[in-house]
Amino acid sequence: MGLRNGSLVCDYCSSTVFSFEPFQIAWAAKDSSDPKAGFSYITQTWQEIDDGENKGCNWCDVLWGEIPFWYQHRKKEESPMPEETFKITVRFEKRNSEDEIVLKVTIEDDWTPRYQVRCDPDENAAAFVPGRKLVWQVGSPRAFKLASDCLTQCTLRHNCPKPQETSLPTRVIDCSDPERPKLVLTKGMQGFYAALSYVWGEPQPHSVCTTKLSTYLESIDILLLPKTIRDAIFCTHNLNLRYLWADTLCILQDSDEDKQREIPQMCDIYRCAYVTIIAASSWKVSEGFLHNRKKPVETLLPFMCPDGKLGTISVDEDDRPMPSKEPVNRRAWCFQERLLSPRTLVYASHTLQYQCQTAMSEIGDIWNYLPSTKQGEMRLPDMMASHTSSRTLSSNDVEVVLTAWRSVLRDYTQRAVSDPSDRLVAISGIAQLFQRWWGNSNRYIAGLWERDLSTDLLWYRDSPSYGSLVTGQILAPSWSWAATIGCIAAGWDKRAGNIIWEVQSCNAIPVSDNHPLGQVKGGRLIVRAIMRDVTWDPAEPELF
């Protein structure tokens, strides 16, 4: 047994995989298009692997975890015989971009588990391995410093628009003293601010209301606020920002008039924020988001650097948490808050992430460039990331915008909304952004677009068992997808054939004139079409 720069491996492993020449063969495979490239060898016996794992050999531990899994699935037996040996091929690979390296360990040319490869920034291996260890102490000074660096470097690295001072929302929270925050009536003030996106999950009795406003303008008792709001104030202060916007303290929760005035501003509130703080991992506001994450289980291995130095890497199984499982990604309101934000700090279940329109990084790690289907989250088209929308749309631009809207609906309608009447309200900020791009060439009607109305009317519930009409309450006209709860698919389905009706008129009546893209109280659609008798069996609901 030997210690290699802090990585424990047995003498057999050291002489096979981790000597200089075999290791360089495995490392060089990352630049090869040959899927069989890498270093192959025959292991010691299973008994020796088992002994090595018991004695603390990290490489034997990797094999000890993978070989029985392969054995059970391929040979349908519980475990290998003590004298059995195995062919192992070891190679490094690039994934997604130049900035991510994985280790592949192929067993008998058949089973290929992958491991993420990371190291500390001051390691010898750091000159060759771009991945850095995850930040699990997300509320530490180091984490805030790394997050601030990401915000600063984003403009330099990715040509993202440089944040500009903007008109502050009607009310913001002054976080200059995080122990004694207070509300500020901005009255046209200019500056930078952070916005908060989170799941309420429970009542907030100390939200701002008409009777508390004057008190909160003097100071807010920090101990009365739920943990997520306290964490957001602390986070804003440590990002060197003075102001924070959070709905619970910046919209009068007992005033329908104030809500009708402020909710239509959501598009600009999130679009113009310097950064949006997303409490992604919290199911309810009392949980907070700055607690330490579960420290990753690391397996340390020697790394024979190409320059001859010896370093150490850590590997862990490539099983990142899926973004779709996070609480905020199950809530309808949170969707537009993330999609509209040009820059976000995501306090995920496993670490802290930074995202902008062109890149995503786990804080402290190297950038992963988008688009990547493995990131699992929708982005606006690049053309819509701009704050200006004065250009005339080309035919290609029109198709891009139409496709983006259908993607918006598919993602949005999978999410839950506590109050069914918010079905159109919680997406109105995104609708407002799309309306700006369409200009006068298109009109938004209860979730549908006039320019493409014949096609938009062909929406259907993609998962009928999860969606149902809400009775006794008008959510939207019956011809709008917003009249139903559940995941919908929007747009023309090739199985429907040619569209041979004519839409003669279509209108919706908003509940509030201040919020024409929000909740509606009625509507009317007149279509001229050929009528045909059909027979439909409810037991076989497939129409096409």
Side-chain angles (χ1 to χ4, degrees), residues 1 7-10 12-18 22-23 25-30 32-96 100-118 129 131 134 294-303 313-326 349-351 368 372-376:
M1 194 71 64
S7 304
L8 198 61
V9 294
C10 66
Y12 181 84
C13 294
S14 176
S15 63
T16 53
V17 183
F18 298 104
F23 195 90
I25 294 173
W27 179 248
K30 66 182 174 55
S32 173
S33 59
D34 182 0
K36 296 183 179 180
F39 173 68
S40 298
Y41 75 103
I42 303 299
T43 68
Q44 65 269 53
T45 66
W46 175 247
Q47 183 63 60
E48 290 171 316
I49 293 173
D50 188 51
D51 291 343
E53 191 274 336
N54 287 328
K55 293 177 181 178
C57 171
N58 288 355
W59 183 245
C60 288
D61 182 59
V62 170
L63 299 181
W64 189 86
E66 298 296 349
I67 290 175
F69 187 88
W70 168 82
Y71 209 84
Q72 292 164 14
H73 284 76
R74 292 295 186 266
K75 294 201 172 185
K76 308 301 181 184
E77 296 181 24
E78 188 65 27
S79 61
M81 300 298 291
E83 66 277 7
E84 281 192 83
T85 59
F86 305 90
K87 179 186 176 183
I88 302 293
T89 301
V90 182
R91 64 175 289 164
F92 291 89
E93 275 190 359
K94 297 174 183 176
R95 189 178 65 173
N96 293 340
E100 190 170 9
I101 301 292
V102 295
L103 173 66
K104 289 179 63 175
V105 182
T106 304
I107 302 169
E108 295 289 351
D109 297 324
D110 179 38
W111 173 249
T112 307
R114 291 172 172 81
Y115 295 82
Q116 296 180 72
V117 180
R118 296 188 172 96
V129 174
L134 294 180
K294 181 180 179 182
K295 187 174 182 180
V297 177
E298 299 177 334
T299 299
L300 300 179
L301 295 173
F303 185 87
I313 57 175
S314 70
V315 298
D316 54 79
E317 289 192 51
D318 190 9
D319 56 351
R320 298 180 182 184
M322 293 296 293
S324 60
K325 302 296 184 183
E326 298 283 23
S349 296
H350 66 303
T351 190
N368 295 324
S372 168
T373 55
K374 293 193 176 181
Q375 303 303 343

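Model, not experiment: these values are computed from the prediction. Side chains included, hydrogens not; waters and symmetry mates left out as well; all remaining heavy atoms used.
In this structure, the separation between CG on Asp61 and CD1 on Ile49 is 11.5 Å, given to the nearest 0.5 Å. A distance of 13.0 Å separates CD1 in Ile67 from CH2 in Trp111, rounded to the nearest 0.5 Å. Rounding to the nearest 0.5 angstrom, the gap separating the CD atom in Glu53 from the CG atom in Leu63 is 10.5 Å. Distance CD/Gln72 to CD/Glu78: 4.5 Å, rounded to 0.5 Å. Rounding to the nearest 0.5 Å places OG of Ser314 at 11.0 Å from CG of Asn58.
The minimum heavy-atom distance between Cys10 and Gln44, with the atom names listed, is SG-NE2, 4.2 Å. Residues Ser40 and Thr89 share a closest heavy-atom pair of OG-OG1, 2.7 Å. Across every non-hydrogen atom of Thr106 and Asp110, the tightest pair is CG2-N, 3.8 Å. Heavy atoms only, all atoms of each residue included: Lys30 and Ile101 are closest at CD-CD1, 4.2 Å. Here the shortest heavy-atom pairing between Ser32 and Asp34 reads OG-N, 3.0 Å. Minimum interatomic distance between Ser349 and Glu326 (heavy atoms only, all atoms of both residues): OG-OE1, 2.6 Å.
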Glu108 and Lys75: CA distance, side-chain angles, deciding distance, salt bridge (charged side-chain N to carboxylate O under 4.0 Å, His left out) verdict: CA-CA 12 Å; Glu108 295 289 351; Lys75 294 201 172 185; over 6 Å; no
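Between Trp46 and Tyr71, every side-chain heavy-atom pair lies at or beyond the 4.5 Å cut-off. Considering only heavy atoms from C-beta on, Leu103 comes within 4.5 Å of Leu301 through its side chain. Taking the side chain as every heavy atom from C-beta outward, Tyr115 and Thr299 never approach each other to under 4.5 Å.
For the 3.5 Å distance criterion, the side chains of Thr85 and Thr43 fail to qualify, holding no donor opposite an acceptor.
Note: Phe23 and Phe92 meet the aromatic proximity criterion, with ring centroids under 6.0 Å apart.
Around CH2 of Trp70, the count of heavy atoms belonging to other residues, nucleotides or ligands within 6.0 Å exceeds 12.
Within the 3.5 Å criterion, the main-chain N or O of Val102 finds no donor-acceptor partner in the side chain of Gln116.
Under the side-chain contact (heavy atoms from CB on, under 4.5 Å) rule, Glu66 has a single partner from Val105, Ile107, Ile88, which is Ile107.
Using a 30° and 60° split on the angle between ring planes, Phe18 and Trp59 fall in the perpendicular class, above 60°.
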